[in-house]
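Numbers restart at 1 for each chain; the letters A, B, ... are given by sequence-line order, proteins then strands. In what follows, every heavy atom counts, from backbone to side chain, and hydrogens, waters and symmetry copies are set aside.
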Amino acid sequence: MSDAPAPETDERRDRLVEVLRSELGDRVVDSLVKPGDDVWVRVATDAWQETGRVLRDALRCNFFDFLSAIDWLPSPFGKSEDSPLDQRPALSTDIVTGYAGGETRFQVFARVTSLPERVSITVKADVPLEDLAVDTWSAIYSGANWHEREIHEMYGIGFRGHPYLAHIYLPGDFEGHPLRKDFPLLARHVKPWPGIVDVEPMPDEGDDAEAEGDAAAEGAE
Amino acid sequence: MGLVESGKMPKPLTNLLNISRRYSIWIFQWGLACCAIEMGAALGSPRYDVMRLGVIPLPASPRQADLVCISGTVTDKMVPAIRRLYDQMPDPKYVISMGSCANCGGPYWDSYSVTKGVDQIIPVDVYVPGCPPRPEALLEGIVLLQERIRHEDMAERWKGDPIVVT
Amino acid sequence: MGLIVAAARNADAPVLVAQNIAFGVIAAIMVFSAFRVVTTRNVVHAAVYLVMVLSGAAAQFVLLGAEFVAITQLLVYVGAIVVLFLFGIMLTRAPIRGEERATRDSWPLGAFTALVLAGLLGYSLTNGFGGDRLPRYCTTAAPLAGSCLSPSGTRAISDAIFSTYLIPFEVTSLLLLAALIGAIVIARRD
Amino acid sequence: MLLNEFLFLAAALFALGVYGVISRRNGVMVLMSIELILNSVNINLVAFGAMNGNLTGQVFALFIIAVAAAEVGVGLAIVLAIFRNRRSVDLDEVDLMKG
Amino acid sequence: MILGLHLAYWQTSVIRSLGVLVAVLLPAGTFVYIFLFKMVSFMQSRLGPMEAGPYGSMQLLAEVGKFIQKEDIVPDNADRRLFKLAPYLVVATVLLVYLVVPFGPKMRFVNFDGGIFYALAVSSISALGVLIAGWASANKYSLMGGLRAAGQLIAYELPMVLAVVGVVIQAGTMNLSGIVAAQANGKMFGFGGLGNPYFITQFVGMVIFLIAVQAELTQTPFDMPIAESELVTGYITEYSGMRFLLFFIAEFAAVGSFAAVAATLFMGGWAVPGIKFDSGVMNVLGPIVLMAKMTLIAGVIFFVRFTYPRFREDQLQKFAWTILIPVALANILVTTVLKVAF
Amino acid sequence: MTAISDRQKLAYVNAQAADGRVNLEFETEEGMTLNMGPQHPATHGTLRIVAKLDGEQVIHCEPVMGYMHRGYEKLLEVRTYPQVNTLVNRIDWLGSFTNEVPFILASEKLMGVEAPPRAQWIRTILFELGRIANISLFLGDTALHMGGMTAAFYAFRDREFVLNQIEAVTGGRFHPNFDRIGGLKDDFPKGWIADTKAVMARLRDFCDEIEDLVVGNEIFQARTRGIGIIPGDIAQSYGLSGANLRASGVDWDLRRDVPVGLAWDQCDWTVWTHPDGDSFSRYWVRLQEVREATKIVDQLCDGLPSGPIMAKVPRIIKVPEGEAWVATENPLGEMGYYVVSKGDLGPFRVKIRTASFNNISVIPWVTRGVYVPDVISILASLYFILGDIDR
Amino acid sequence: MSAFLREYLTVAIFTGVAFGLLAGVLSVGKLIRPVRPQAEKYFNYESGVDAVGTGWVQSPIRYYVFALLFVMFDVEAVFIFPWATQLEIYGWFGAVEMGIFIVLLALGLLYAWRKGVLRWT
């Protein structure tokens, strides 16, 4: 239980960032440390593989958590919860990236842990749109092999040097990359989600009429 | 050619055959998803013990199975295998669709990779609703199937082409 | 077929009819199977036909009163050697549809040799043993030795092996040992 | 029963075995043909033994079965060795001299 | 006159044959019901079949009735003739073993001089049926299962044969009736009150024999050939309907036949130790006594089957060749020395 | 019979074509290829193992997945937070409650909400019950894969009691959907704690039984000892977690090492490791884990604090912008959610890090050169659940 | 006819009856069972996908060595059995003879053992 207030500084995590900066120089683009919680580092695309090596060798982050990607494009379909016949307000498609910033639509990010230090780090790298590929991590962390296959399938991001970048989940001729935000879920377009209003009385505030009104207002929005 | 198929089987014999089919249902050892565990509980748990009803959970090969229980989510990648295994079972064969996913897609109704209902691929005799259904529900489904088998008219069943869903 | 007819013609008592018929039927099956062994294209089929020949031979041994040899034939030939054959077949390639060319181009030569051999053997056998009859089966409980064909018990065979043929018996074990070691050396891949 | 019944049967098996040994390509099948020959000999031995009312024929049949076992064991081992080197048991394709 | 006798003989033979079939199917059916359905269920705190007939006693008939109605599938790639032949071979070998088992002083079907030798020879043929079934299915699981099964059957045939030698040395005969008599009338360390049931004096032999039987029957822990968690159902993967039922029957009939042979060899067969009835009574009681002993042995077989995990193929072979066979050979030598010395 | 839709038809044809291509790939090379799955008794359902064999020895073994791929990460992007909670239950379907917890914790972290102590304790208790329900099945199932039937029945029998307790609280045997952001749906029913302690005693008996029946069995040991050895550094590199990691001698348990605010640090229990890294040690470590879990539940039941079970949270859950990662030590290993929120009703992106996906990614490495029967025991001992692999 | 042949005739008749019964049961089944030919029904089972490669397995050479050992010992057993029935008469002489025989073959087993044929790896 984190009763104690969060400390102002976090030496273990600061050290991670420092070592990365000293090893990679200015290819560490951005970083964010939440003391006592977590750390994010964004590196340049061409330093992606080297980052992995530094993390493993210099920082003893031997334990591989996961490697994934994210598409920062806001979904052009919203959540497709309303009737398809309704006029839907135009959705913003401005790209707003998360922690440690970002410049392009796609980012790969990975998380590794140093078991002796008991500290984890999330590293991110932009994937340029013109050449949708980064270097593979599978030679550094064996477990990255399948994760990269998954990303390749889900986002269409390539991994240079990957030994066997084949489909992992979907049947061979599946078209499109499902996790991209512009991949439509057809069923939702045919039929709206039946349970849009998702409200249930809380056990401790039984019949609060006012909250109910709020809920209706929010749900309609 | 079979006497049953041509409907020349005497009535008492037909009854006898129906009864023996009813009490000897070899269920295919094949689970797909969450429901498979509840099916496993029905098959394997001493508390439910489907063997009481004459359902024998021995066969691991479709060639010896009478009943396949599609227990869980059917994905598009899985569909050919389900179809193939169903085809490889010898007639007469029965299908129980267990759980919402197998019935209609269930909570994955909007997924890009889930087949919305196994009955699009193979004919289903009994649907057992639930997510997942309790083992008792599956037992109820099996009892229903047994009732159905008891009163089945095999000549009628074999009339015409094999049931093919296209 | 001819064998059956021959058997029937030589019958001189009802008991022998049954024996002769049994002989004829078994012999016909054996010859047919042996023919298939050497002509079938499928090597597993050949092994199965070989089983029929071997079991037929066991049956003939029974007819000749050699019970122990008959059972040995079953145990060693059918139960062991054919299994060895099947293992050998499955270690090499055994296509389920049989081989395209199972017979050499020079098979007419083989057929000719076999026919000539059969003719010669037939001629010399007819000449040499034309009228010899096997002794009748004993019907009494305690037959006089040699006067009739009685099933020879295993005890008698044992006595023969462990008196007259003791040396061959021990040599057999040496032979088996040598064969075992030789086969292991040949078959192993180191 | 005539002795010749058995001898003719053995002769037929022997001839078929000889045919098989000469004309079969597959090494395993050649070995099977040899078994036919050995069996014909066994039938002869047992028949003559029955004819003469002694056990020599049967005892020798037993020894022949033992020898046949040894022969098949070594023979199949050779066929397997050939197969391993040539991926074939076809005796026509195998020139043992080249080894 | 002779012709008339012939006919009568034929009739009796057919009646005897049907008798054997009853003697095979009855224990087989009983074993399936008692052990496969009920004992295992109770071991696993379940009830087993309850609906078909009182306490599910009609379950077996339902099974047969169901399998008769099942479609018979021969895969396209399979070798049709051999595929169909294999079940016959497997079932027939099991049935032929039963022939030599004596059920009473006169209650026997045949009385061979080399009875036990015959039984061992016939049972070794089933390896052939299994191999053929595996090969003819043209299925990988089947072929691997068939090969494993045959490899295992021959590996354990040997300890079984060698374990029997000890009994033959002690009894001085291969005739099964003779072995029963030798046990009933023998003396154990000079004490003849209970006869000489060989499960005491040939204890090592019996243990080897029972282990080998377990393996010959491909029951767990020796069920690698039909290991369903890797080979689906091994060599019977492609068999459906009645043909599958034949394999199924053969499996349980084989339990019966081996149990009968083991009971005869090591437990005194139809005889009750220490009690000497006259022949007529034992002809009636004998089958019941033998059946009781068979059930006991089958009970052990099934108990082990449902309790133990399975060996791996190489461990299984190694066990046979480096433990069972040397022990069996040593058993022969020791028995020989004792027999000759005393 | 409903007619098959065009999309279905297309998917069917495509899938068949894909399978054909995979087959062709495997066929063209030397050696024999053995297929296990998608329907195969050894693969817990629908995993497909393609093993290239030389005789009975495995040259290369490749799992083919996706037969249970339901598109979770995409579906979660179009769900609201409470709906996500319902859905993620079904990832690891044996220990369902344990799936909810890390997601709820991640959401709470983003919202800055903390559940009251009693809720935390109840969460921990249910979490451990889920672990027991999950792993006890493994204990029987692994024995089943090696031919020991009876253990599986015992596992199903005693697991029922745990499910009863879960059902008594949550109303669902399998998918409780009991966790809420900020607390829990309900409190324990009356008399539940005494029952649970009785069940825990029973489960400890079950563990002893398994120890006798399986672990102590020579054949089981011969089948598992020295088989499928995974060294610790390989295990880390592949991201193996949970008992698989600890069986390789790596002393790492998220419950102890990365506190996330649940009540594990309030009680006394041991993290078991095993130096061997083989199939046997994986089994053994899991067996100990069940024992420890029963102890944890006992202790937590004794010291359950009183108080509310729900913190103050708005009626309509909107999670502020941010990114959060929370992982917990689930029955199968480390399960974590990387939640990216854009301040919406539902998450913007959820990366689900499941344990089984990483755990079985080691299969090609660990099965080189083993025999076919060992593939089965290794698969069984690595312990995966299809939903947890494919999501 | 001699009692000996009569016993074997029983075996033959029994075999005939057994085969006849099996064939009879199968043909009764033929009257009752359905035939629903479908192309896919007759494909070989391979866990639900198309069969990979041919059904041919190259089985390991070990099996052959085991079969070989089996054949040799089987032949040995053939000689042991008649001897065992007469051991009482042969006495020590017979025991020694057979001892030599068994030991010689056991040497073969020992050889195979030492060569590592009985191990798989």
Side-chain angles (χ1 to χ4, degrees), chain E residues 9-10 13-14 16-18 20-21 68-77 88 91-92 95-96 99 109-112 114 117 138-140 143-144 147 151 154-155 157-158 161-162 165 168-169 172-174 232 237-238 241-242 246 314 317-318 321-322 325-326 329 332-333 336-337 339-340, chain G residues 6-11 13-19 21-23 25-26 28-30 32-36 41-47 51 55-57 59 62-63 66-67 69-70 73-74 77 80-81 84-88 90-92 94-95 98-99 102 106 109 112-113 118-121:
Chain E
Y9 176 72
W10 279 82
S13 284
V14 171
R16 280 176 175 210
S17 304
L18 293 176
V20 181
L21 289 176
I68 283 183
Q69 300 171 63
K70 290 297 274 186
E71 198 178 11
D72 180 38
I73 295 177
V74 181
D76 275 338
N77 286 331
Y88 284 94
V91 176
L95 296 181
L96 284 172
L99 272 179
F109 302 106
V110 293
N111 187 21
F112 287 161
F117 198 44
N139 180 310
K140 277 175 219 161
L143 186 51
M144 283 182 76
L147 278 171
I154 61 173
E157 175 80 19
L158 209 48
V161 170
L162 296 179
V165 172
V168 175
I169 291 175
T173 177
M174 293 202 285
V232 191
T237 301
E238 289 287 354
M242 274 315 276
L246 290 185
D314 59 329
Q317 295 279 2
K318 208 173 156 203
W321 292 103
T322 61
I325 290 174
L329 287 176
I332 292 177
L333 291 178
T336 307
V337 169
K339 175 86 176 177
V340 175
Chain G
R6 200 169 265 198
E7 308 257 277
Y8 277 95
L9 189 57
T10 308
V11 175
I13 292 172
F14 176 67
T15 316
V17 169
F19 269 74
L21 194 88
L22 295 185
V25 170
L26 280 173
V28 166
K30 198 164 194 168
I32 296 173
R33 68 178 175 234
V35 182
R36 322 296 303 165
K41 196 175 263 179
Y42 301 105
F43 287 177
N44 270 103
Y45 166 78
E46 181 149 329
S47 296
W56 179 70
V57 196
S59 57
R62 299 172 203 92
Y63 281 124
F66 289 133
L69 276 169
F70 167 65
F73 277 89
D74 223 21
I80 292 183
F81 268 100
T85 57
Q86 289 290 80
L87 178 61
E88 216 154 0
Y90 300 151
W92 282 111
M98 189 48 76
I102 290 179
L109 183 60
W113 198 338
L118 303 182
R119 277 200 313 273
W120 273 31
T121 39

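Only the backbone of E:Thr173 comes within contact range of chain G, with heavy atoms under 4.5 Å apart. Contact annotation for E:Leu95: both backbone and side-chain heavy atoms come within less than 4.5 Å of a heavy atom of chain G. For chain G, the nearby parts of E:Val161 are the backbone and the side chain; heavy atoms of each come within less than 4.5 Å. In this structure, chain G has a heavy atom under 4.5 Å from the side chain of E:Leu333, while its backbone stays farther away. Only the side chain of G:Ile80 has a heavy atom closer than 4.5 Å to any heavy atom of chain E.
With contacts defined as side-chain heavy-atom distances shorter than 4.5 Å, the pair G:Trp113/E:Trp321 does not qualify.
Between G:Phe81 and E:Phe117, the angle of the ring planes lies from 30° to 60°, which puts this pair in the tilted group.
Taking chain G as the reference chain and counting heavy-atom pairs below 4.5 Å, the highest number among E:Gln69, E:Met242, E:Glu71, E:Lys339 is found for E:Glu71. Contact tally against chain E (heavy-atom pairs below 4.5 Å) for G:Val17, G:Thr15, G:Leu22: the top residue is G:Leu22. Of the listed residues G:Leu26, G:Ile102, G:Val25, the one with more heavy-atom pairs under 4.5 angstrom with chain E than any other is G:Leu26.
Remark: E:Glu157 engages no residue in a side-chain hydrogen bond (donor to acceptor under 3.5 Å, both in side chains) (not counting sequence neighbours). In terms of the side-chain contact (heavy atoms from CB on, under 4.5 Å) criterion, residue partners of G:Thr85 (sequence neighbours excluded) are, by chain and number, C:Arg155, E:Val168, E:Met174.
Here E:Leu99 contributes atom CG and G:Phe14 contributes atom CZ; the two are 5.0 Å apart, rounded to the nearest 0.5 Å.
The two residues G:Ala23 and E:Tyr88 come nearest to each other via the heavy atoms CA-OH, 3.4 Å.
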